[in-house]
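Report on one structure; see the data block that follows.
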Number of protein chains: 2
Amino acid sequence: MPSVIDHDFTTLDERSDLPLYEMVKAQIKLKVETGEWPTNHRVPSENRIVEMLGVSRMTANRALRELATEGVITRVQGRGSFVAPKKRSAGSMGVRNIAEEIGERGLSHHANIILTQTEISGPDLAGALEVEVGSAVHHSIILHEEDHVPIQLEDRFVNAEVAPDYLKQDFSRITPNAYLTSIAPISRTEQYIEAVLPQPWECKLLAIARSEPCLLVRRRTWSSGRAVTSVRLLYPGSRYRLQSSE
Amino acid sequence: MPSVIDHDFTTLDERSDLPLYEMVKAQIKLKVETGEWPTNHRVPSENRIVEMLGVSRMTANRALRELATEGVITRVQGRGSFVAPKKRSAGSMGVRNIAEEIGERGLSHHANIILTQTEISGPDLAGALEVEVGSAVHHSIILHEEDHVPIQLEDRFVNAEVAPDYLKQDFSRITPNAYLTSIAPISRTEQYIEAVLPQPWECKLLAIARSEPCLLVRRRTWSSGRAVTSVRLLYPGSRYRLQSSE
DNA sequence: CATGCAAGGTTCCATATACAAGTTGGAGGT
DNA sequence: ACCTCCAACTTGTATATGGAACCTTGCATG
């Protein structure tokens with residue numbers, strides 16, 4: 001004889017002093033995060049949750065509704081609730097890895113290392129990276145190409161105290177961004193986006209006309225309170241646009 | 001004799017088919033966005049809203065609760081609800097109100113209405129707004145000035161079904177963005193940012209040289225599944241940069 | 001004067017109930 | 001075979017009610 005109770009759910013934890021609806025949310029989140037319920041898997045209906053967990057329909061409703069606004073599930077009236085596809089959109093925009101981004105478009109990525117060296121920071125740079133004037137700072141300039149077409153000029157300074165081995169990396173295999181986030185998880189980022197005309201040397205590297213407008217992204221990132229890197233990303237306006245959706 | 005009804009609130013709009021709690025949210029958002037209620041200003045309590053608007057306490061509760069998760073207000077148990085300090089860089093960027101942004105810098109904002117009219121949508125526009133070809137679509141072009149210097153050219157199309165009264169608004173008092181979010185809360189946005197050279201007519205309005213690079217933000221927003229607006233924001237590169245930090 | 005306490009306002013949670021609106025699937029007719 | 005229509009299920013909204021937890025304020029008591 002089949003039990004009325006679906007053993008997908010354990011009973012709610014009495015000891016926890018979390019609100020009921022939070023407990024319901026936690027149960028469902030668990031299934032999703034462990035992968036037990038894959039994308040598009042059906043989530044129990046509100047009435048089903050009422051039966052299974054013995055809560056009122058309104059608290060089941062609140063749990064599901066909030067999970068929907070959090071992007072964990074999607075709900076459509078008349079059909080039901082389903083596990084939402086994993087949200088991409090790494091942050092807002094920009095923190096995305098240029099190599100990944102190109103890969104997703106099915107194109108080839110190539111990193112052209114223009115310069116890598118360690119420098120002594122002047123006042124401006126020291127201010128940007130929040131280090132003492134005269135400190136050692138790593139500097140790299142890399143030209144990223146998509147199918148052999150230059151698409152991003154990356155001019156980066158790195159706090160040598162945070163990433164002493166930065167210049168030892170093989171930047172044709174791992175992007176600076178990927179390396180840095182792997183050794184120092186980003187806790188804060190600040191960025192400015194503007195439209196500029198390129199400098200002559202930038203034109204040459206990007207193979208564009210002097211009059212072509214470019215997107216300039218200037219970004220600084222911090223990890224646990226310390227400035228990690230300050231980078232200047234220059235994109236030819238005709239070949240690239242930033243995208244974001246949420 | 002003082003009336004029990006606080007005239008801070010107008011009565012709810014019967015014609016709108018928005019849910020009640022959304023209407024309540026809209027009323028409060030309007031006060032906040034227009035600056036009538038400054039930061040830390042007290043928001044009416046749930047029971048006060050019940051008296052004023054004649055809704056049940058639970059829907060007042062839902063409205064305030066959602067506004068709190070959206071970051072519009074903060075609530076503390078036992079004390080009340082208060083207008084939250086403007087959060088820097090709403091989410092990613094861009095959905096910010098240009099008037100607010102200028103106001104924060106302590107400068108004066110002026111909206112110069114270039115064009116407002118209703119048009120019949122062609123295939124491209126209909127596709128962008130997800131309406132039938134031939135539908136009526138509102139069109140507005142507004143030049144925003146900061147201390148009398150042109151800083152943003154806003155070229156906007158609005159789904160007339162969602163916002164039939166769009167063109168009746170006084171855009172020198174409330175920005176299109178503020179109005180639209182007040183009547184149709186944003187559920188999704190898609191945006192592209194690119195660097196372009198301006199068109200001749202755009203140069204003239206923005207008072208810039210033909211060769212000056214500009215930031216172009218193209219954005220579409222949805223509210224509960226329906227496309228609300230498609231907008232093209234053009235900023236002179238020398239006068240503006242997008243900022244975000246998280 | 002200081003401490004404590006009670007009252008009233010506020011948010012927060014939970015439930016029961018009702019109806020509206022969208023989807024699906026099947027029964028039953030043509 | 002096809003169509004129509006309805007029943008059942010789903011989410012979405014709105015209301016009424018009750019209690020708990022928390023804060024402020026003012027007053028009574030020591």
Side-chain angles (χ1 to χ4, degrees), chain A residues 4 6 11-28 37 40-84, chain B residues 4 6 11-28 37 40-84 184-185 187 222-226:
Chain A
V4 178
D6 188 325
T11 57
L12 292 177
D13 189 349
E14 305 284 339
R15 309 180 303 272
S16 171
D17 58 351
L18 280 178
L20 251 183
Y21 73 92
E22 287 288 0
M23 292 197 251
V24 176
K25 283 174 66 177
Q27 294 259 338
I28 296 171
W37 291 351
N40 289 331
H41 186 280
R42 175 149 211 171
V43 174
S45 75
E46 297 179 359
N47 284 320
R48 197 79 189 76
I49 292 175
V50 170
E51 293 172 9
M52 292 191 294
L53 297 180
V55 301
S56 83
R57 197 193 135 214
M58 285 311 292
T59 93
N61 175 281
R62 176 165 179 183
L64 292 179
R65 178 155 37 88
E66 293 195 357
L67 285 176
T69 71
E70 290 172 22
V72 177
I73 66 176
T74 65
R75 318 189 72 194
V76 329
Q77 187 171 118
R79 286 177 40 78
S81 305
F82 309 88
V83 175
Chain B
V4 178
D6 189 324
T11 57
L12 292 177
D13 188 349
E14 304 285 338
R15 307 180 304 273
S16 170
D17 58 350
L18 281 178
L20 251 182
Y21 72 91
E22 289 288 1
M23 292 197 252
V24 176
K25 284 173 66 176
Q27 294 259 341
I28 296 170
W37 290 351
N40 288 331
H41 187 280
R42 175 148 211 169
V43 174
S45 75
E46 297 178 0
N47 283 319
R48 197 80 190 75
I49 291 175
V50 170
E51 294 171 9
M52 292 192 294
L53 297 180
V55 301
S56 84
R57 197 176 79 83
M58 286 310 290
T59 92
N61 174 280
R62 177 166 178 181
L64 293 178
R65 178 155 35 89
E66 294 195 357
L67 285 176
T69 71
E70 289 172 21
V72 177
I73 65 175
T74 64
R75 318 188 72 194
V76 334
Q77 188 170 113
R79 283 177 41 77
S81 305
F82 308 88
V83 175
S187 57
W222 285 260
S223 179
S224 58
R226 291 196 300 177

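Naming: A, B, ... by sequence-line order, numbering from 1 per chain. Predicted, not measured: the structure shown is a model, and the values here were computed from it.
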Spacing between [X] atom [atom1] and [N] atom [atom2], to the nearest angstrom:
X: A:E46; N: C:dA21; atom1: CD; atom2: C1'; answer: 14 Å
X: A:N61; N: D:dT10; atom1: CG; atom2: P; answer: 14 Å
X: B:L53; N: D:dA14; atom1: CG; atom2: P; answer: 13 Å
X: A:N47; N: C:dC19; atom1: CG; atom2: C1'; answer: 14 Å
X: A:R79; N: C:dG25; atom1: CZ; atom2: C1'; answer: 13 Å
X: B:R48; N: C:dT11; atom1: CZ; atom2: P; answer: 12 Å
X: A:M23; N: C:dC13; atom1: CE; atom2: C1'; answer: 11 Å
X: B:I49; N: D:dA14; atom1: CD1; atom2: C1'; answer: 15 Å

Shortest non-hydrogen separation from [X] to [Y] and the atoms involved:
X: A:G71; Y: A:A84; result: O-CB, 3.4 Å
X: B:V55; Y: B:V50; result: O-CG1, 3.3 Å
X: B:A60; Y: B:E46; result: CB-O, 3.9 Å

Report summary line: Assert: residue with more 5' nearest nucleotide on DNA chain D, out of B:R62 and B:M58, is B:R62
Does a side-chain N or O from [X] land closer than 4.0 Å to OP1 or OP2 of [N], or not?
X: A:R75; N: D:dG12; answer: yes
X: A:Y21; N: C:dC13; answer: yes
X: A:S81; N: D:dT10; answer: no
X: B:S56; N: D:dA16; answer: no
X: B:T59; N: D:dT15; answer: yes

Requested in this report: Ignoring hydrogens and angles, answer whether the base of D:dG12 and the side-chain atoms of A:R57 contain a donor-acceptor pair closer than 3.5 Å.
Outcome: yes
Query raised in the report: When all nucleic acid strands are considered with a 4.0 Å heavy-atom cut-off, which category describes B:R65: base, sugar-phosphate, or nothing?
Result: nothing
Report task. Evaluate the side-chain proximity of A:I49 to A:L64: yes if any heavy-atom separation is below 4.5 Å, no if none is. Result -> yes
Query - A:Q77 side-chain proximity, nearest of D:dT17, D:dT13, D:dG12 - result: D:dG12
Query raised in the report: Picking from B:R65, B:M58, B:R62, what satisfies side-chain contact (heavy atoms from CB on, under 4.5 Å) with B:Y21?
Result: B:R62
